[in-house]
Engineer: 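Before I ask anything, here is the structure I am working with.
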Amino acid sequence: MLTCYTMTLEPQGTEHSRPEWAYHLYAALLEGAPVEFGAASHRDGATPVSQYLSREGERLVWRVTLLGGESEAALAPVLEAREAYRLNKEGVTLHVTRRSCDHIASVEELFLRSAGCSGLHRLTVRTPAAFRSRGVYQILPTPRLILQSLIKQWNGCFPCCPIEDEDGEGMETMAAGLLCRGYQLRDQRYFLKGNPIPGFGGNLTLDSIRLTGFHRTLADALLYFSGYAGIGIKTALGMGGIDHQFCVR
């Protein structure tokens with residue numbers, strides 16, 4: 001299961017918001033969770049939370065997706081009850097002025113939501129995203145890197161229905177079949193504890209039309225899932241926030 005909370009925040013104390021505030025919001029969120037959840041939240045390489053903060057017009061929007069039953073049990077009560085988050089380092093309090101919730105109860109529901117789409121997926125990268133391969137940051141998104149990231153998050157979110165691809169052949173088939181129909185990307189950095197992480201922002205459109213059968217079905221579901229899980233590294237700390245849209249052909 002997964003649950004996505006979308007909250008409009010009103011800052012009191014400063015107006016100069018930054019995407020990096022998401023890192024401190026996550027820390028404030030964990031303060032209200034059981035201690036054992038925070039200690040175990042990054043095991044197995046998959047994070048149980050994806051969250052990011054973005055400025056959308058005049059609104060400051062915080063999106064938090066709980067990926068799986070453990071994070072739902074630990075964090076949903078906090079997200080439902082808290083009306084303000086204090087960021088001590090920034091000297092600002094963020095008040096929740098609006099809250100909505102989107103719940104996907106099962107992997108079957110996720111497949112249903114992505115079924116019958118045109119195969120054109122527009123991914124808008126709301127906060128800097130990056131991948132890491134062989135100890136080096138990769139700041140150019142490729143279908144292979146995107147799918148690798150999403151499969152890892154999928155398996156953490158839906159342990160009852162994991163994507164088993166031990167030889168990587170299925171992922172390679174999907175990656176080779178995805179076409180990039182357009183992109184507008186720019187380099188961006190995300191600062192964590194004062195250290196810049198190189199990444200990218202912007203948007204890209206991927207097309208699954210060349211894929212057939214279950215490869216097409218799974219690729220469409222994974223790309224739709226990106227709007228909840230994000231892509232790349234450190235999605236629990238505010239990086240790689242994705243706004244997913246189906247496009248009309």
Side-chain angles (χ1 to χ4, degrees), residues 1-8 29 33 37 41 43-52 54 61-80 98-126 129 143 146-165 170-171 173-175 177-178 205-209 211-232 235-236 240-249:
M1 69 166 66
L2 65 82
T3 303
C4 179
Y5 288 88
T6 300
M7 288 165 283
T8 301
L29 177 61
F37 174 80
S41 62
R43 66 177 181 268
D44 301 327
T47 57
V49 178
S50 176
Q51 57 90 25
Y52 69 94
S54 64
V61 179
W62 186 30
R63 287 189 173 85
V64 185
T65 302
L66 308 179
L67 301 166
E70 291 184 9
S71 57
E72 175 85 19
L75 298 180
V78 184
L79 290 166
E80 292 281 358
R98 186 178 302 173
R99 181 189 290 111
S100 63
C101 181
D102 177 19
H103 183 68
I104 297 180
S106 66
V107 70
E108 290 80 11
E109 182 178 346
L110 192 146
F111 274 116
L112 282 173
R113 289 194 183 192
S114 60
C117 70
S118 68
L120 279 174
H121 302 260
R122 183 180 176 88
L123 276 58
T124 301
V125 186
R126 291 286 189 184
I146 291 171
L147 290 174
Q148 275 185 325
S149 168
L150 291 172
I151 289 172
K152 180 185 292 186
Q153 290 289 72
W154 177 291
N155 288 345
C157 182
F158 302 113
C160 61
C161 187
I163 298 172
E164 297 178 345
D165 187 29
M171 186 197 66
T173 298
M174 288 189 292
L178 286 176
T205 301
L206 297 174
D207 191 346
S208 66
I209 194 170
L211 295 170
T212 59
F214 187 65
H215 286 131
R216 166 72 184 271
T217 300
L218 183 56
D220 286 335
L222 281 166
L223 291 174
Y224 176 68
F225 180 60
S226 72
Y228 297 97
I231 61 171
T235 51
I242 296 295
D243 179 13
H244 171 278
Q245 290 181 309
F246 291 119
C247 300
V248 178
R249 203 174 280 282

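Because the structure is a prediction, the values reported are computed rather than measured.
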Engineer: Which value, rounded to the nearest 0.5 Å, describes the distance between Gln153 atom CD and Leu222 atom CG?
Structural biologist: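 Going from CD on Gln153 over to CG on Leu222, the span is 11.5 Å.
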
Engineer: Are any side-chain N or O atoms of Gln51 and backbone N or O atoms of Ala236, one a donor and one an acceptor, separated by less than 3.5 Å?
Structural biologist: yes

Engineer: Answer whether the closest heavy-atom distance between the side chains of Leu223 and Leu178 falls below 4.5 Å.
Structural biologist: yes

Engineer: Under 3.5 Å, is there a donor-acceptor pair between the side chain of Ser118 and the main chain of Cys247?
Structural biologist: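 Yes: the side chain of Ser118 pairs with the backbone of Cys247.
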
Engineer: Please give me the minimum heavy-atom distance between Pro77 and Glu72, naming the atom from each residue.
Structural biologist: CD-O, 3.7 Å

Engineer: Is the closest side-chain heavy-atom distance between Asp102 and Thr6 below 4.5 Å?
Structural biologist: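 No, too far: nothing below the 4.5 Å cut-off.
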
Engineer: Looking only at heavy atoms, what is the nearest atom pair of Ser50 and Ala229, with distance?
Structural biologist: OG-O, 2.9 Å

Engineer: Does any part of the side chain of Val49, heavy atoms only, come nearer than 4.5 Å to the side chain of Leu66, both counted from C-beta?
Structural biologist: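 They are in side-chain contact.
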
Engineer: With rounding to the nearest 0.5 Å, note down the distance linking OG1 in Thr217 to CG in Leu211.
Structural biologist: 9.5 Å

Engineer: How long is the gap from CZ on Arg99 to OG1 on Thr8, to the nearest 0.5 Å?
Structural biologist: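 The distance works out to 10.5 Å.
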
Engineer: Do Met171 and Ile163 come close enough that some side-chain heavy atom pair is under 4.5 Å?
Structural biologist: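 Counting from C-beta outward, Met171 and Ile163 never come under 4.5 Å.
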
Engineer: Hydrogens and angles aside, do Glu80 and Tyr5 bring a side-chain donor and acceptor to less than 3.5 Å of each other?
Structural biologist: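 Side chains of Glu80 and Tyr5: pair found under 3.5 Å.
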
Engineer: I'd like to know if the side chain of Asp220 pairs up with that of Ser114 as donor and acceptor (distance under 3.5 Å, no hydrogens or angles considered).
Structural biologist: no

Engineer: Examine distances only and state if a side-chain atom of Arg63 and a backbone atom of Ser54 form a donor-acceptor pair shorter than 3.5 Å.
Structural biologist: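 Side chain of Arg63 to backbone of Ser54: no pair is present.
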
Engineer: Measuring from atom OG of Ser106 to atom CG of Leu112, what distance do you get when rounded to the nearest 0.5 angstrom?
Structural biologist: 7.5 Å

Engineer: Are Ile146 and Leu206 close enough that some pair of their side-chain heavy atoms sits under 4.5 Å apart?
Structural biologist: yes

Engineer: Of all the heavy-atom pairs spanning Ala129 and Gly240, show the shortest one and how long it is.
Structural biologist: CB-CA, 3.7 Å

Engineer: A side-chain contact here means heavy atoms from C-beta on lying under 4.5 Å apart; do Tyr52 and Val125 qualify?
Structural biologist: no

Engineer: Nearest 0.5 Å, what's the CG-OG1 distance between Leu218 and Thr173?
Structural biologist: 11.0 Å

Engineer: For the residue pair Tyr228 and Cys157, establish whether any side-chain heavy-atom pair is separated by less than 4.5 Å.
Structural biologist: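 Contact flag for Tyr228/Cys157 side chains = no.
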
Engineer: Just say parallel, tilted or perpendicular for the rings of Phe246 and Tyr224, cut-offs at 30° and 60°.
Structural biologist: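 Because their plane-to-plane angle is under 30°, the rings of Phe246 and Tyr224 count as parallel.
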
Engineer: Measure the spacing between CD1 of Ile231 and CD1 of Ile242 and express it to the nearest 0.5 Å.
Structural biologist: 4.0 Å

Engineer: Looking only at heavy atoms, what is the nearest atom pair of Ala105 and Met1, with distance?
Structural biologist: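 Scanning both residues completely, I find the closest heavy atoms to be O-CB, 3.7 Å.
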
Engineer: Does the side chain of Trp154 come within less than 4.5 Å of Leu67's, by heavy atoms?
Structural biologist: no

Engineer: Tell me the closest heavy-atom pair linking Gly68 and Ser71, and the distance in Å.
Structural biologist: O-OG, 3.1 Å

Engineer: Which residues satisfy the side chain to side chain donor-acceptor pair (under 3.5 Å) test with Thr124, sequence neighbours excluded?
Structural biologist: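 Scan of Thr124 (side chain to side chain donor-acceptor pair (under 3.5 Å), adjacent residues dropped) gives none.
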
Engineer: What do the steps show when you test Ile209 against Arg249 for side chain to side chain contact (heavy atoms under 4.5 Å, CB included), and what is the final call?
Structural biologist: CA-CA 11 Å; Ile209 194 170; Arg249 203 174 280 282; 3.8 Å; yes

Engineer: Minimum heavy-atom separation for Ala175 to Leu147, with atom names?
Structural biologist: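 In terms of heavy atoms, the two residues are closest at N-CD1, 3.6 Å.
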
